[in-house]
Amino acid sequence: MKVIIAEKPSVGREIAKVFGATTKKDGYIEGKGYTFTWAFGHLLQLAPPQEYGYFGWSVQNLPMLPPKFKLSIRKVKSKDGMIEDPGVKKQLDIIKALFDEATEIIVATDAGREGELIFRYIYYYLKCKKPFKRLWISSQTDAAIKEGFRNLKPGTDYDTLFNSAHCRSQSDWLVGMNATQALSLASGNKGVLSLGRVQTPTLAMICSRYLENKNFVPQTYFQVAIQPDKDGQSFRAIHDKNFKTCEEAQVVLDAVLPTGNILSVEAKPRKEPPPLLHDLSSLQQEANKRKGFTADHTLSLLQNLYEGKLVTYPRTGSRYIGDDVFAGVPALIDGFKEHADFGKQAALLSGAKLSKRSVNAKKVTDHHAILPTGEKPYQLSADQQAVYDMVAGRMLEAFHQDCIKEITKITVLSGNKFMASGTVIQTPGWRAVFNDKDEEKKDEENATLPKVVQGEELPIINKGILEKQTKPKPLYNEATLLKALETAGKEIEDEELREAMKEGGLGTPATRAAIIETLLKRTFIAREKKNLVPTPTGLAVYEIVKNQQIAQAELTGSWEKRLEEIRGGASVAAFQEEIKSYTREITQELLRSGKGMAAKVTA
DNA sequence: GCAAGGTC
């Protein structure tokens with residue numbers, strides 16, 4: 001009997017379907033001489049400190065450097081504290097029984113570092129010795145699965161990938177557990193002051209932006225505006241210079257004549273291509289902007305829709321689909337012809353030439369972009385419906401035509417030169433789906449300018465000085481923070497580190513919502529209207545760590561670079577030694593500097 | 001009581 005193990009039930013079932021296996025059992029499916037089972041993501045985790053003899057939280061234990069890491073079953077909170085997750089335990093027993101019967105195992109966890117780790121942790125925890133092969137596919141269509149099975153790889157081909165995954169896992173444990181205990185203990189053990197490779201740079205970003213915003217000193221500046229009139233339709237034109245003083249502006253104002261001469265009129269069409277399909281992060285950002293949903297809430301709504309088979313896999317980091325999935329898109333679009341809000345646009349797109357901007361198999365990673373499945377939704381909650389419509393609407397947008405705008409620039413001479421600009425949408429294209437205002441241009445005045453020609457002389461019906469102030473960068477909200485986490489590392493000076501981070505940023509699509517929730521749970525940050533702002537505790541932690549490596553996105557960059565080298569065959573031991581040495585260092589440093597917190601965190 | 005990673 002050959003056993004195929006997937007990362008999650010949906011993929012296990014999909015593969016079973018391709019094989020024509022139909023006998024459903026508890027936790028697996030049988031048929032055609034194969035057995036198809038699955039994990040639920042990580043079933044196992046590195047064992048907590050007490051399993052190595054580090055009892056309680058104590059300076060004497062620090063730094064905790066287990067000579068050999070152990071694995072333990074994923075825990076869940078219950079009324080008696082943390083207990084082994086019963087569902088996980090049960091599935092692990094099922095997997096064990098199947099592995100015991102197996103002649104061969106086929107690994108079908110997601111094609112990536114964590115997917116490899118999910119399987120290997122199970123395999124080593126169960127002390128399994130059976131041979132295994134690897135299925136490596138990035139699309140779960142029938143054709144891709146069949147092709148993958150014709151091309152199974154030897155399991156050992158992925159040993160170095162497992163090594164890099166295991167190092168990632170151990171390093172996060174060592175640095176996170178030790179730094180957390182060190183700071184918590186040093187500050188008087190009044191509560192958990194957690195630190196980690198991802199959460200601490202995230203906290204630092206929120207704090208640093210908050211302080212920058214709070215300490216910002218606005219500068220006043222002055223602009224000079226005139227209002228020419230063309231046959232009763234007036235518009236505003238502004239002198240292109242900003243003045244530091246009102247007096248300087250007054251000079252320009254005084255020079256304004258009773259009329260203005262049109263020096264030039266420039267009208268240029270601009271094509272605006274449709275947006276890409278959604279990945280999790282972009283959808284979380286949109287749901288936060290449109291509906292004020294938190295990243296966590298959006299993820300859980302999407303998980304519901306996914307379990308109801310209404311949308312494809314949600315925790316994806318790709319905004320593209322392959323050609324195989326694209327082949328099914330026209331039928332999906334047809335399915336929305338009756339939709340209350342965008343039925344008209346679906347009908348318009350039906351049979352039209354579709355934009356292929358979101359079609360690129362090379363940019364599909366473990367999973368493709370989020371799409372509706374074509375199943376008809378039934379009795380969705382208002383929030384579920386809202387998210388579902390964002391997925392469906394984005395699909396219509398992504399395959400729609402360009403939006404064509406006309407951008408007009410008018411230069412008027414009246415003593416000095418004044419400029420007016422306006423944007424008019426000529427063909428809405430993809431913008432017709434939601435019919436939203438263009439966010440960036442919302443403030444811009446003169447959306448429509450009157451038709452004027454060069455050489456025309458227009459009366460100036462009004463003129464004046466505008467007093468304005470420079471504005472600070474805005475505080476982070478969930479949408480802008482998610483974006484910042486995605487792009488974290490883009491500013492790093494070291495080219496190699498920047499390169500190592502360019503794929504991922506900080507955290508992963510699956511974990512970013514949880515990171516924000518962790519910082520809220522620790523009361524390091526709080527929600528203030530739509531913004532995320534630090535609390536006094538968060539700021540105190542930031543003050544202690546802000547100049548240390550653990551608060552920099554670069555730490556992830558340097559790890560990613562080394563982990564990639566390990567995947568290519570480089571020494572595991574060398575990296576592990578460096579991590580241990582860094583762990584000793586940061587533990588010492590925090591035990592010392594954390595004392596400065598003691599006074600600040602007395603609640 | 002603690003990390004980051006995955007998922008129901």
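This is a predicted model, so every value here is computed, not measured. Quick note on labels: first sequence line is chain A, next is B, and so on, each numbered from 1.
Using a 4.0 Å heavy-atom criterion, one finds that A/Asp85 contacts no nucleic acid atom at all. Note on A/Gly115: nothing from the nucleic acid sits closer than 4.0 angstrom, heavy atoms only. Here A/Val198 lies in heavy-atom contact (under 4.0 Å) with sugar-phosphate atoms only.
A/Lys77 places its NZ atom 7 Å from the P atom of B/dG1, with the value rounded to the nearest Å. A/His166 places its NE2 atom 19 Å from the P atom of B/dA3, with the value rounded to the nearest Å. Distance, A/Asn178 CG to B/dC2 C1': 10 Å, rounded to whole Å. With rounding to whole Å, A/Arg522 atom CZ is found 8 Å from B/dG1 atom C1'. Put simply, CD1 on A/Ile516 is 15 Å from C1' on B/dA4, counting in whole angstrom units. If you take CG of A/Leu174 and P of B/dA4, they are 13 Å apart, rounded to a whole angstrom. When rounded to the nearest whole Å, the span between CG of A/Leu590 and P of B/dA3 equals 14 Å. Taking atom CE of residue A/Met82 and atom P of nucleotide B/dA3, one finds them 10 Å apart after rounding to whole Å.
A search for salt bridge (Lys or Arg N to Asp or Glu O under 4.0 Å) contacts involving A/Arg209 returns nothing, not counting sequence neighbours. Every residue two or more places apart in sequence or in another chain was checked for a salt bridge (Lys or Arg N to Asp or Glu O under 4.0 Å) with A/Asp157, and none qualifies. Qualifying salt bridge (Lys or Arg N to Asp or Glu O under 4.0 Å) partners for A/Lys521, counting only residues two or more places apart in sequence or in other chains: none. Remark: A/Tyr123 pairs with A/Phe119, A/Phe132 by the ring pair (Phe, Tyr, Trp, His ring centres under 6.0 Å) rule, at least two apart or across chains. In this structure A/Lys24 satisfies the side-chain contact (heavy atoms from CB on, under 4.5 Å) test together with A/Ile29, sequence neighbours excluded. Applying the salt bridge (Lys or Arg N to Asp or Glu O under 4.0 Å) rule to A/Arg562 yields the partners A/Glu565, A/Glu578; only residues at least two apart in sequence or on another chain are considered.
With B/dT7, B/dA3, B/dC2 as the candidates, the nucleotide lying closest to the side chain of A/Gln181 is B/dC2. Minimum atom distance to the side chain of A/Thr180 is reached by B/dC2, of the listed B/dA4, B/dT7, B/dC2. For A/Trp173, counting side-chain heavy atoms from C-beta on, the closest listed nucleotide (B/dA3, B/dC2, B/dC8) is B/dA3.
The shortest distance between the side-chain N/O atoms of A/Ser169 and the OP1/OP2 oxygens of B/dG5 is not below 4.0 Å. In terms of phosphate contacts, A/Ser194 brings a side-chain nitrogen or oxygen within less than 4.0 Å of OP1 or OP2 of B/dA3. The phosphate of B/dG5 (OP1 or OP2) has a side-chain N or O of A/Arg197 nearer than 4.0 angstrom. A sub-4.0 Å separation between OP1 or OP2 of B/dG5 and a side-chain N or O of A/Arg168 is absent. Applying the 4.0 Å criterion to OP1 and OP2 of B/dA4, one finds that A/Arg512 has every side-chain N and O outside that range.
By the 4.0 Å N-to-carboxylate-O rule, A/Lys17 lies too far from A/Asp142 to be salt-bridged with it. Using a 4.0 Å cut-off between a side-chain N of Lys or Arg and a carboxylate O of Asp or Glu, A/Glu84 and A/Lys77 do not qualify as a salt bridge. Taking the charged nitrogens against the carboxylate oxygens, A/Glu589 and A/Arg592 do have a contact shorter than 4.0 Å, which makes a salt bridge. Between A/Lys130 and A/Asp100 no salt bridge is recorded (no basic side-chain N to carboxylate O distance below 4.0 Å).
Near-neighbour residues of DNA chain B inside residues 45-64 of chain A, defined by a heavy atom below 4.0 Å, number-ordered: A/Gln45, A/Leu46, A/Pro49, A/Gln50, A/Trp57. The stretch residues 301-313 of chain A touches DNA chain B through A/Gln303, A/Tyr306, A/Glu307, A/Tyr313, each having a heavy atom within less than 4.0 Å of the strand.
A side chain to side chain donor-acceptor pair (under 3.5 Å) check over residues 368-380 of chain A, counting only residues at least two apart or in different chains, returns nothing.
Residues A/Asn189 and A/His367 each lie close to DNA chain B; by heavy-atom proximity, the contact nearer the 5' end of the strand is made by A/Asn189. Map A/Leu43 and A/Gln170 each onto its nearest nucleotide of DNA chain B; the residue landing nearer the 5' end is A/Gln170.
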